[in-house]
Chemist: 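One structure follows; several queries about it will come next.
For reference, positions follow the sequence shown, starting with 1. Because the structure is a prediction, the values reported are computed rather than measured.
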Amino acid sequence: QQLWPPLPQAPMVQVEKNNLGVPLLGKRCSMPPLRPLFIVLLIQGTAFATAMIPAFSLRFRELAVANGLDEAATAASLGKFIAVRSVVEFAATPTLAFWSDRVGR
């Protein structure tokens, strides 16, 4: 049961060839294209991987040497940590999105 009634949705406008909108005629537009969003996310992920992960690796190696730990084991632990973080993010994102839609923003 919802705690409050849903907000009314604004009707979508379909743009005809003459660039005039046709609101409230029952025509609905398709979903907006998501390709630009995916391209931006790909660029962001690539930038993170190329810029931050080597810096983390070097910093962890310095910490391992300073504390007398094995460098290879520390590098493997960092790789596992990054992999687990990605899996947790992949699993938690839909759950948090669903919760955000239910509770509100």
Side-chain angles (χ1 to χ4, degrees):
Q1 180 178 345
Q2 292 183 343
L3 298 177
W4 52 83
L7 296 173
Q9 296 288 328
M12 295 183 78
V13 175
Q14 183 170 355
V15 177
E16 298 293 329
K17 290 183 180 179
N18 57 6
N19 292 332
L20 296 177
V22 184
L24 304 173
L25 294 179
K27 294 182 180 179
R28 291 203 165 254
C29 290
S30 62
M31 293 292 295
L34 296 177
R35 184 171 296 183
L37 177 65
F38 291 146
I39 291 171
V40 167
L41 289 174
L42 176 68
I43 292 170
Q44 180 187 12
T46 304
F48 177 78
T50 58
M52 296 304 293
I53 292 176
F56 289 149
S57 177
L58 293 173
R59 183 65 180 145
F60 269 59
R61 191 173 78 186
E62 289 174 6
L63 290 173
V65 170
N67 292 324
L69 300 174
D70 182 27
E71 290 182 42
T74 304
S77 298
L78 176 63
K80 291 175 187 175
F81 176 74
I82 291 173
V84 167
R85 181 214 176 262
S86 297
V87 169
V88 168
E89 181 181 5
F90 180 75
T93 298
T95 305
L96 292 173
F98 177 75
W99 175 72
S100 175
D101 289 341
R102 295 277 292 161
V103 174
R105 298 172 197 243

Chemist: Would you say that more than 12 heavy atoms from the other residues, nucleotides or ligands in this model lie under 6.0 Å from the CZ of F48, or not?
Modeler: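 Buried by this count: over 12 neighbours within 6.0 Å.
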
Chemist: For A91 and P94, which heavy atoms make the closest approach, and how far apart are they?
Modeler: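 So the two residues come closest at O-CD, 3.6 Å.
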
Chemist: Got a sec, which hydrophobics cluster with V65, joining ILVMFWY side chains under 4.5 Å apart, including via others?
Modeler: none

Chemist: Of L42, I43, L41, which meets side chain to side chain contact (heavy atoms under 4.5 Å, CB included) against I39?
Modeler: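 Of all the options given, the one that passes is I43.
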
Chemist: Is there a donor-acceptor pair closer than 3.5 Å between any side-chain N or O of S100 and the backbone N or O of L96?
Modeler: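 No, the answer is negative, given that no donor and acceptor are paired below the 3.5 Å cut-off.
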
Chemist: Given side chains that start at C-beta, do those of L58 and R61 come closer than 4.5 Å, heavy atoms only?
Modeler: yes

Chemist: If I compare all heavy atoms of A64 with all of D70, which pair ends up nearest, and what's the gap?
Modeler: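 So the minimum-distance heavy-atom pair works out to CB-O, 4.4 Å.
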
Chemist: To the nearest 0.5 Å, what is the distance between NZ on K80 and CD1 on I82?
Modeler: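 It comes to 13.0 Å.
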
Chemist: Working to the nearest 0.5 Å, report the span between CG of L63 and CZ of F60.
Modeler: 7.0 Å

